[in-house]
Amino acid sequence: MKTTTVGIIGAGAIGQAFAEQLVKAGMNAILSNSRGPESLTAVVEKLGHGARAGTVEQAAQADLVFVSTNWDKTEAALRGINWEGRILIDATNPVILPGFTLAELGGKNSSQVVTQWAPGARVVKAFNTLLAGVLAQDPAQAGGRRVVFISGDHPDAKAEITALAGQLGFASIDLGSLEVGGTLQQFPGGPLPAVNLVQLA
C-alpha cells in the first residue's frame, strides 16, 4: 500500500520534523496534540500544503499513525482508540524530564510498553533515534541516504514502514523484533540514539 496520509499524535519538534518530510514528499500529515487543533494553526501554516491540524482521534484514523508524544503523556494519548490491526509508528523515547532519566518500564523496553498501551496495534519502532534537527534535513547526504532504524514484531507492518521511509528518501535498517531492536533504539539506554548513518550503496 502506498501511504498518502499519516496521522501524527504529538506535534512537538519530532512530530513537526516528520510532518515536514511527509509534506516535502507530497504526502498529507494530520497533526494533533493534547491542546486541540486550534493550537496548531501556525504550525500547519508554516508546513504548507498537505499539512492540517486535527484531533487525536482524527489523526488516529489515517493510513498510518505516528506517535511522538512526551513519554509521560503517551499512555493517555493512545487510550480509547481502536487500534485493531492499525500500524503505529512509535517514535517516543522513555525520558523523564527534567534530568533525562529513564522511566520505570517494568523490565520491558519502551516499545513493548507502547504495545500494551495500544492493544491490537502493529507497533513499529522507527524515527526515534535522530535528533529533530537532523530528521528535518534532506535525507540525501554525502552521495547516499540517511538511515532510519526499524524494529517490530509484524513483518508486513515493517515492510510498510520501510516503504514509507523510502518514499521520504531515507534508507532503513531492520533491527528485528521489538524486544531486540526496540532495546537497541531506546533512549536512554540503547546504543543507537543520535547515531547518524548514511547508506552509500
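- The two residues Val124 and Ala157 make their nearest non-hydrogen contact at CG2-CB, 3.8 Å.
- Among all heavy-atom pairs drawn from Leu47 and Ala19, the shortest one is CD1-CB, 3.8 Å.
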(request) Before giving the answer on side-chain contact (heavy atoms from CB on, under 4.5 Å), spell out for Val23 and His49 the whole-Å C-alpha distance, their side-chain angles and the decisive distance to 0.1 Å. (result) CA-CA 7 Å; Val23 169; His49 181 71; 5.8 Å; no
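- Counting only distance, with no hydrogens or angles, the side chain of Ser68 and the backbone of Gly10 share a donor-acceptor pair below 3.5 Å.
- A side-chain donor-acceptor contact under 3.5 Å links Trp83 to the backbone of Leu78.
- Thr74 places a side-chain N or O within 3.5 Å of a backbone atom of Asn70 that can act as its donor or acceptor partner.
- Taking the side chain as every heavy atom from C-beta outward, Arg146 and Val134 approach each other to under 4.5 Å.
- Among all heavy-atom pairs drawn from Arg35 and Ser39, the shortest one is CB-OG, 3.7 Å.
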(request) Could you walk me through whether Ser151 and Leu184 pass the side-chain contact (heavy atoms from CB on, under 4.5 Å) test, one step at a time? (result) CA-CA 9 Å; Ser151 309; Leu184 293 171; over 6 Å; no
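- A side-chain donor-acceptor contact under 3.5 Å links Gln21 to the backbone of Gln137.
- In this structure the side chain of Lys108 never reaches within 4.5 angstrom of the side chain of Thr115, judged on heavy atoms.
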(request) Tell me, with the steps shown, if Lys46 and Glu20 meet side-chain contact (heavy atoms from CB on, under 4.5 Å). (result) CA-CA 9 Å; Lys46 181 180 177 184; Glu20 190 174 335; over 6 Å; no
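- Looking at every heavy atom in both residues, Ala13 comes nearest to Ala132 through CB-CB, 3.6 Å.
- Applying the ring pair (Phe, Tyr, Trp, His ring centres under 6.0 Å) definition to pairs two or more places apart or across chains, those involving residues 134-182 are Phe127-Phe170.
- Residues passing the ring pair (Phe, Tyr, Trp, His ring centres under 6.0 Å) test with Trp117 are Trp71, sequence neighbours excluded.
- Residue Ile14 comes nearest to Leu135 through the heavy atom pair O-CD2, 4.0 Å, listed as atom of the first residue, atom of the second, then distance.
- Residues Phe66 and Ile161 share a hydrophobic cluster, clusters being chains of Ile/Leu/Val/Met/Phe/Trp/Tyr side chains in contact below 4.5 Å.
- Follow the hydrophobic side-chain contacts under 4.5 Å out from Val67 and you reach Ile96 in the same cluster.
- Side-chain contact of Arg52 with Asn28: a donor-acceptor pair under 3.5 Å is absent, judged by distance alone.
- Applying the salt bridge (Lys or Arg N to Asp or Glu O under 4.0 Å) test to every pair with at least one member in residues 170-187, sequence neighbours left out, gives these pairs: Lys158-Asp174.
- Interatomic distance, CD of Glu160 versus CG of Asp63, reported as 8.5 Å (0.5 Å rounding).
- The cluster map of Ile, Leu, Val, Met, Phe, Trp and Tyr, joined by side-chain heavy atoms under 4.5 Å apart, puts Leu197 and Leu130 in different clusters.
- Alongside Val198, the hydrophobic cluster contains Leu200 (criterion: ILVMFWY side chains under 4.5 Å).
- Gln58 is not listed as a side-chain neighbour of Ser32, based on a closest heavy-atom distance of 4.5 Å or more.
- Both Val123 and Ile9 are assigned to one and the same hydrophobic cluster, defined by single-linkage of ILVMFWY side chains at heavy-atom distances under 4.5 Å.
- For the pair Lys125 and Asn109, the minimum side-chain heavy-atom distance is 4.5 Å or more.
- Residues Val113 and Pro94 have side chains not in contact (no heavy-atom distance under 4.5 Å, counting atoms from C-beta outward).
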(request) Evaluate the criterion side-chain contact (heavy atoms from CB on, under 4.5 Å) for residue pair Phe187 and Val95; output intermediate values, then yes/no. (result) CA-CA 7 Å; Phe187 174 78; Val95 176; 3.5 Å; yes
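- Screening Ile87, Thr4, Leu22 for a side-chain contact (heavy atoms from CB on, under 4.5 Å) with Leu64, the sole residue that qualifies is Ile87.
- Side-chain contact between Met27 and Leu168 is present, with heavy atoms from C-beta onward closer than 4.5 Å.
- Leu102 and Leu178 end up in the same hydrophobic cluster when Ile, Leu, Val, Met, Phe, Trp and Tyr side chains are linked at under 4.5 Å.
- Put simply, the side chain of Val195 does not reach to within 4.5 Å of the side chain of Val147, judged on heavy atoms.
- With a 4.5 Å cut-off on side-chain heavy atoms, Leu131 and Asn196 do not count as touching.
- Here ring pair (Phe, Tyr, Trp, His ring centres under 6.0 Å) pairs that include residues 23-47, with residues two or more places apart or in two chains, number zero.
- Note that the CG atom of Leu31 and the CD1 atom of Ile8 stand 4.5 Å from one another [nearest 0.5 Å].
- Each of Val56, Val44, Thr55, Ile30 was evaluated against Pro37; a single residue qualifies, Thr55, per the side-chain contact (heavy atoms from CB on, under 4.5 Å) test.
- How far OG of Ser110 is from CG of Asp90: 5.5 Å, rounded to the nearest 0.5 Å.
- Summarising the geometry of Leu40 relative to Ala53, their closest heavy-atom pair is CB-CB, 3.9 Å, with the distance given to 0.1 Å.
- Partner of Gln185 under the side-chain contact (heavy atoms from CB on, under 4.5 Å) criterion, out of Ile150, Asn93, Leu175, Val148: Leu175 alone.
- Residues meeting the salt bridge (Lys or Arg N to Asp or Glu O under 4.0 Å) test with Asp138, sequence neighbours left out: none.
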